[in-house]
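Some notes on the structure that comes next.
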Amino acid sequence: MEIRPALHAYLEWPAQQNPMRAATVAVIEALAGAAIELARTIAAGSLAAIGGESGGINPDGDRQKTIDIIADRLMRDALRTAPVAAVVSEEMELPEVLDADAPLCVAIDPLDGSANLENNISVGTIFSIRPKTRDAISTFFEPGTAQNAAGCFIYGPQTVLVLAFDQCVDCFTLDPRTGEFVLTGRDLQVPPDTPEFAINASNRRHWSGAVRGYIDQCLAGVNGERGQDYNMRWIGSLVAEAYRILMRGGVFLYPADARQGYREGRLRLLYEAHPIALIMEWAGGAASSGRARILELSARSPHQRVPLIMGSTRAVRDVDAVHLTVEPLFESSDAPLFARRGLFR
Ligand code: F6P
Ligand code: MN
């Protein structure tokens, strides 16, 4: 019978290697504990009376649900028990310093896709871990290559943890019988050749010529330049899209567009694009803004947005190639301006 190690047992060996890895493992385990509790609350749905609006608005302008607040509290309380110097959360305007002497900094989206919850669609928690550099706060303004681990918990038909650690992406499933995450997928690789794309097509008229050009090529199917028929998926929940791409391949795009407030796309660099990009790259895929590698970009502010194209390397390169033939939509958005030093650095 196949032996499936539990998360704690699986991380025991790396934790013994050096203090930085031990600290990183402590953060992952603290978050896993909070995720198990959050999964239970989410699974109770209407029974837990968590569906309502809290009345608050998060720093990026999204309406906060009660469950967003619960998730944020659970995750930040867990991080207080781990060696974390500072945390950036989607639900807080500014970074919070926890223990300035601790070795790690964490950026977190406590409940990604929470607007989907009332429809019983998968939601998740995304996290990004990086060693503290000069001081806790400036660590967040280093490029995404500074991350030493990242991952996401997905609360769906199964609760899973996708973990990028030690250059490798593994998957763990929460066993409801024991309440433990156990290893169910080792060294995941993004399937390279799936003709499938994901984009919110209702925004087509606002896209740049590059994005429209690429999607039109996909839609033309066997008769078009790409020479094959494409399938389309759009869940509206980033964690679920990332998981599907890890399992099935394909490409996901949330580009910049001409709507007010979308000049740098929709997704946030520190706690959405950076960690998802680390997962994609360590699983043999890629992530780009269309004009720059996501992991080479640095945030100018905690809630910095960025266009995100992720998935199989070939598909992401194809989207990049179309961008090269077209002028940027806006000077400041899908051009890699903030690969340079920004205001906060
Ligand atoms: O966190 C932002 C998010 O909810 C993602 O999970 C998802 O990919 C995206 O927004 C969906 O955006 P839209 O509603 O514009 O399609
Ligand atoms: Mn999110």
Side-chain angles (χ1 to χ4, degrees), residues 31 35 38 42 51 53-54 56-65 67-72 74-76 87-93 106-128 150-156 160 162 196-207 211 215 232-246 250-280 287 289 294 299 302-311 333:
L31 290 172
L38 184 54
I42 288 171
E53 306 253 329
S54 73
I57 304 269
N58 79 12
D60 207 35
D62 299 333
R63 286 168 189 277
Q64 287 172 319
K65 292 182 164 294
I67 189 68
D68 286 316
I69 310 283
I70 293 172
D72 182 54
L74 268 173
M75 294 296 157
R76 280 197 288 135
V87 56
V88 161
S89 162
E90 175 175 340
E91 305 305 332
M92 291 187 313
E93 179 139 20
V106 176
I108 193 157
D109 181 351
L111 197 55
D112 174 63
S114 60
N116 287 312
L117 213 49
E118 59 221 31
N119 306 320
N120 204 9
I121 289 170
S122 300
V123 294
T125 298
I126 314 174
F127 61 92
S128 155
C152 55
F153 297 96
I154 299 151
Y155 315 108
V160 300
V162 170
E196 190 163 276
F197 67 88
I199 192 164
N200 185 339
S202 67
N203 299 318
R204 185 181 187 281
R205 69 189 184 285
H206 305 296
W207 296 339
V211 173
I215 298 298
M232 197 213 79
R233 286 285 182 272
W234 181 255
I235 306 172
S237 181
L238 179 63
V239 283
E241 316 266 12
Y243 189 75
R244 186 193 61 245
I245 284 177
L246 275 173
V251 65
F252 164 97
L253 303 91
Y254 208 121
D257 68 51
R259 285 172 298 162
Q260 181 138 30
Y262 286 77
R263 293 191 154 213
E264 294 180 314
R266 162 93 171 97
L267 301 171
R268 278 58 55 99
L269 183 58
L270 283 182
Y271 43 80
E272 294 179 319
H274 272 164
I276 296 290
L278 196 78
I279 293 170
M280 287 294 143
S289 69
I294 292 289
H303 305 286
Q304 170 82 52
R305 293 182 177 205
V306 70
L308 175 64
I309 295 129
M310 54 122 167
S333 64

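Remember, it's 1-based here, ligands and their atoms both numbered in the order they're listed. Quick note: residue numbers are just sequence positions, from 1. Given the structure is predicted, the values throughout are model-derived calculations rather than measurements.
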Notebook entry, point to check: When only distance counts, is Asn203 in polar contact with ligand 1, meaning an N/O pair under 3.5 Å?
Noted result: no
Checklist line | atom 2 (C) of ligand 1: the protein heavy-atom neighbour that sits closest, reported with distance to 0.1 Å | finding: Glu272 OE2, 3.7 Å
Next item on the list: Could you check Ile294 against Leu308 for side chain to side chain contact (heavy atoms under 4.5 Å, CB included), going step by step and ending with a plain yes or no?
Entry: CA-CA 8 Å; Ile294 292 289; Leu308 175 64; 3.9 Å; yes
Checklist line | Nearest-contact summary for atom 8 (O) of ligand 1 - protein heavy atom, Å | finding: Leu238 N, 3.5 Å
Next item on the list: Kindly say whether Leu238 contributes a backbone atom to a donor-acceptor pair with the side chain of Asp112 at under 3.5 angstrom?
Entry: yes
Item checked: salt_bridge(Glu196, Arg244) N-O dist < 4.0 Å -> yes
Notebook entry, point to check: Who passes side-chain contact (heavy atoms from CB on, under 4.5 Å) against Ala240, sequence neighbours left out?
Noted result: Ser122, Ile235, Ser237
Check: At their closest point, which heavy atom of Asn203 faces which heavy atom of Tyr254, and how far apart are they?
Finding: ND2-OH, 3.9 Å
Margin query: Out of Phe252, Tyr271, Tyr254, who is nearest to atom 12 (O) of ligand 1 when you count heavy atoms only?
Written below: Tyr254
Notebook entry, point to check: Any N/O of Leu267 closer than 3.5 Å to an N/O of ligand 1?
Noted result: no
Checklist line | Thr125 (side chain) donor-acceptor with Pro110 (main chain) under 3.5 angstrom | finding: yes
Notebook entry, point to check: What residue among Glu93, Glu90, His303 forms side chain to side chain donor-acceptor pair (under 3.5 Å) with Asn58?
Noted result: Glu90
Next item on the list: Between Gly236, Gly265, Ala240, Ala201, flag the one that comes closest to atom 7 (C) of ligand 1 by a heavy atom.
Entry: Gly236
Next item on the list: Enumerate the protein N/O/S atoms at a distance below 2.8 Å from the Mn ion (ligand 2), ignoring waters.
Entry: Asp109 OD2, Asp112 OD1, Glu272 OE2
Margin query: With heavy-atom distances below 4.0 Å as the criterion, list the atoms of ligand 1 near Arg268.
Written below: 1 (O), 2 (C)
Checklist line | For Trp234, the ligand 1 atoms whose distance to one of its heavy atoms is below 4.0 Å | finding: 16 (O)
Margin query: I'd like to check which ligand 1 atoms, numbered from 1 as shown, lie under 4.0 Å from a non-hydrogen atom of Asn200.
Written below: 13 (P), 15 (O), 16 (O)
Checklist line | Heavy atoms of other groups near Asn120 CG, more than 12 under 6.0 Å | finding: no
Note to self: Tyr262 versus ligand 1: do any nitrogen or oxygen atoms come within less than 3.5 Å of each other?
What the structure shows: no
Check: Is at least one protein non-hydrogen atom found at under 4.0 angstrom from atom 14 (O) of ligand 1?
Finding: no
Next item on the list: Validate the cation-pi geometry between Arg305 and Tyr262: distance from NZ or CZ to the six-membered ring centre under 6.0 Å, angle to the ring axis within 45°.
Entry: yes
Margin query: Given Arg259, Arg305, Arg266, identify the one with the heavy atom nearest to atom 10 (O) of ligand 1.
Written below: Arg266
Margin query: side chain to side chain contact (heavy atoms under 4.5 Å, CB included) for Tyr243 and Val162? Distances and angles first, verdict last.
Written below: CA-CA 8 Å; Tyr243 189 75; Val162 170; 3.7 Å; yes
Check: Mind checking whether Phe153 and Phe127 have ring centres under 6.0 Å apart?
Finding: yes
Margin query: Taking Ile121's backbone N and O only, do any of them form a donor-acceptor pair with Asn119's side chain (distance below 3.5 Å, no angle check)?
Written below: no
